[in-house]
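Only heavy atoms go into these numbers, but all of them, side chains included; no hydrogens, no water, no symmetry mates. Atoms within each ligand, like the ligands themselves, are counted from 1 in listed order.
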Amino acid sequence: MRLGFIIRPPHQFLSLLLCPGLRIPPLSVLCAQPRPRTMAVSSSSWELPLVAVCQVTSTPDKQQNFKTCAELVREAARLGACLAFLPEAFDFIARDPAETLRLSEPLDGNLLGEYTQLARECGLWLSLGGFHERGQDWEQTQKIYNCHVLLNSKGSVVATYRKTHLCDVEIPGQEPMRESNSTLPGPSLESPVSTPAGKVGLAICYDMRFPELSLALAQAGAEILTYPSAFGSITGPAHWEVLLRARAIETQCYVVAAAQYGCHHEKRASYGHSMVVDPWGTVVARCSEGPGLCLARIDLNYLRQLRQHLPVFQHRRPDLYGNLGHPLS
Ligand SMILES: O=C(O)CNC(=O)[C@H](CS)NC(=O)CCC(=O)C(=O)O
């Protein structure tokens with residue numbers, strides 16, 4: 001089990017010192033971006049909700065993938081997390097579209113039943129970042145949805161979001177991605193969901209390239225944006241962190257990005273670098289190499305104060321460039 005590390009803002013370093021249970025391996029510490037020091041923090045770190053971001057290397061073996069995810073979720077619960085985030089394709093990554101369709105299941109199938117039992121057993125919420133879902137129209141279309149499923153601590157499905165932007169790209173040096181070969185685009189965005197960590201806006205991976213989606217979720221009340229992903233080995237180093245930090249800064253939300261890492265089979269590898277970015281754009285937690293998890297505290301008082309100091313949403317000019325589509329309910 002590899003535990004990532006947390007770069008905490010000064011006021012949270014204390015909890016790190018006082019938190020012997022959190023084993024932080026000696027790692028090079030990133031230089032966190034300077035944060036405005038004028039913002040008082042009303043609550044100590046202890047009262048702030050803790051989230052866990054899990055990093056895995058999924059393969060075509062669903063049961064082995066479940067064992068790996070379950071170990072990380074149990075560790076997250078032991079460390080006191082109220083919500084654990086799993087990456088896109090946590091259930092499996094197949095060798096080709098035909099295998100993807102063959103291995104896919106409906107939301108009421110056996111595999112999701114195991115994950116709902118896990119959430120209930122551990123008593124924490126689970127963000128299942130990308131389930132290969134045989135939807136209601138499976139018989140007619142023979143295609144699936146890439147479905148982000150949010151479970152509460154009783155194992156109930158609280159929300160589902162089906163990836164609306166499909167990754168059909170050919171990047172030189174990276175395996176071609178043609179998600180539409182097996183997957184249908186989702187028909188709608190989901191309103192942000194209230195959770196013990198804050199209001200969560202659901203998205204998946206390639207969606208992060210479309211700021212309209214993240215701004216719409218933020219305008220609908222999201223405080224935490226999620227981008228569970230399986231980013232490619234070429235676009236990862238070039239775009240992953242820049243996009244996540246940009247989405248956090250422009251929406252003034254936390255961004256939580258659980259990622260696939262490493263070699264899934266002979267034809268595919270993912271970039272990893274799971275992380276949490278705070279509303280200032282600081283990377284406050286980051287996974288190391290390999291399967292593991294990292295932890296971050298969500299400080300909504302800090303988020304609200306930042307939005308008061310820097311009220312960009314009040315400064316928007318829809319008279320010049322319009323609003324973002326029809327508002328989410
Ligand atoms: O394949 C599956 O089973 C699940 N779907 C994915 O992993 C998708 C399509 S291949 N991957 C991405 O969207 C990567 C995006 C990316 O790498 C970028 O935007 O640069």
Side-chain angles (χ1 to χ4, degrees), residues 54-62 64-66 68-69 85-105 107 109 111-112 127-135 138 142-149 160-186 202-214 225-247 255 257-275:
C54 302
Q55 179 164 285
V56 298
T57 307
S58 294
T59 69
D61 183 339
K62 292 196 281 190
Q64 182 53 50
N65 296 335
F66 176 75
T68 303
C69 290
F85 294 83
L86 291 174
E88 178 176 36
F90 68 94
D91 51 352
F92 66 87
I93 287 190
R95 299 173 187 87
D96 55 51
E99 187 174 47
T100 294
L101 296 173
R102 184 167 54 76
L103 292 175
S104 65
E105 295 187 25
L107 286 178
L111 186 64
L112 211 68
S127 156
L128 304 176
F131 176 72
H132 297 88
E133 178 209 3
R134 290 186 180 186
W138 161 255
Q142 292 296 296
K143 286 198 174 183
I144 60 169
Y145 292 96
N146 188 344
C147 185
H148 188 160
V149 184
T160 55
Y161 160 76
R162 292 165 181 85
K163 189 176 183 180
T164 50
H165 301 87
L166 298 184
C167 183
D168 288 355
V169 305
E170 294 201 22
I171 307 290
Q174 183 176 291
E175 67 285 346
M177 293 179 170
R178 191 145 305 282
E179 193 165 17
S180 61
N181 279 352
S182 60
T183 306
L184 296 169
L202 300 178
I204 304 176
C205 198
Y206 190 60
D207 287 332
M208 75 172 76
R209 292 180 178 278
F210 306 90
E212 297 89 341
L213 188 159
S214 49
L225 298 181
T226 58
Y227 296 102
S229 299
F231 241 59
S233 46
I234 299 294
T235 53
H239 298 163
W240 171 253
E241 181 167 329
V242 174
L243 282 169
L244 294 173
R245 293 183 65 194
R247 295 294 88 88
V255 164
Q260 290 283 347
Y261 168 88
C263 187
H264 308 290
H265 49 71
E266 58 282 355
K267 292 185 288 183
R268 187 171 174 184
S270 293
Y271 178 59
H273 292 75
S274 303
M275 65 175 65

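- The atoms of ligand 1 that sit less than 4.0 Å from any heavy atom of His132 are 2 (C), 3 (O), 4 (C).
- No option in Thr226, Thr160, Asp207, Leu86 other than Thr226 meets the side-chain contact (heavy atoms from CB on, under 4.5 Å) test with His148.
- Taking all atoms of both residues into account, the shortest heavy-atom contact from Gln260 to Ser270 is O-CB, 3.3 Å.
- Side-chain contact check for Asp168 versus Met177: every heavy-atom pair is 4.5 Å or farther apart.
- Nearest residue to atom 13 (O) of ligand 1 from Glu88, Glu179, Gln174, Lys163 is Lys163 (criterion: closest heavy atom).
- Which of Tyr271, Trp240, Phe90, Phe231 comes nearest to atom 18 (C) of ligand 1 through a heavy atom is settled by distance: it is Phe231.
- With a 4.5 Å cut-off on side-chain heavy atoms, Lys143 and Thr183 do not count as touching.
- Proximity to Tyr206 (heavy-atom distance under 4.0 Å) selects the following atoms of ligand 1: 13 (O), 19 (O).
- In terms of protein heavy-atom proximity, atom 17 (O) of ligand 1 is nearest to Gly232 N, 3.0 Å.
- If you number the atoms of ligand 1 from 1 as listed, the ones under 4.0 Å from a heavy atom of Thr235 come out as 17 (O), 18 (C), 20 (O).
- Here Ala230 has heavy atoms under 4.0 Å from ligand 1 in both its backbone and its side chain.
- Contact annotation: the side chain of Phe231 approaches that of Cys205 to within less than 4.5 Å [non-hydrogen atoms, C-beta and beyond].
- Which parts of ligand 1 touch Asn146 is read off a 4.0 Å heavy-atom cut-off, strictly below it: atoms 5 (N).
- Residues His239 and Val242 form no side-chain contact, since every pair of their non-hydrogen atoms from C-beta on lies 4.5 Å or further apart.
- Of the protein's non-hydrogen atoms, the one nearest atom 12 (C) of ligand 1 is Cys205 SG, 3.4 Å.
- Of the candidates Met208, Met177, His264, Met177 brings a heavy atom nearest to atom 10 (S) of ligand 1.
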- request: Evaluate the criterion side chain to side chain contact (heavy atoms under 4.5 Å, CB included) for residue pair Ser229 and Trp240; output intermediate values, then yes/no.
  value: CA-CA 10 Å; Ser229 299; Trp240 171 253; 3.3 Å; yes
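- Of all the heavy atoms of Arg209, the ones lying under 4.0 Å from any atom of ligand 1 belong exclusively to the side chain.
- The aromatic rings of Phe210 and His165 sit parallel, their planes meeting at an angle under 30°, below the 60° perpendicular limit.
- Comment: Arg134 does not engage Glu105 in a salt bridge, judged by the lack of any side-chain N to carboxylate O separation of less than 4.0 angstrom.
- For ligand 1, one of its N or O atoms has an N or O atom of Arg268 under 3.5 Å away.
- Considering both main-chain and side-chain atoms, Ala89 never comes within under 3.5 Å of ligand 1 through any nitrogen or oxygen pair.
- The proximity of Ile204 to ligand 1, defined as any non-hydrogen pair under 4.0 Å, does not occur for either the backbone or the side chain.
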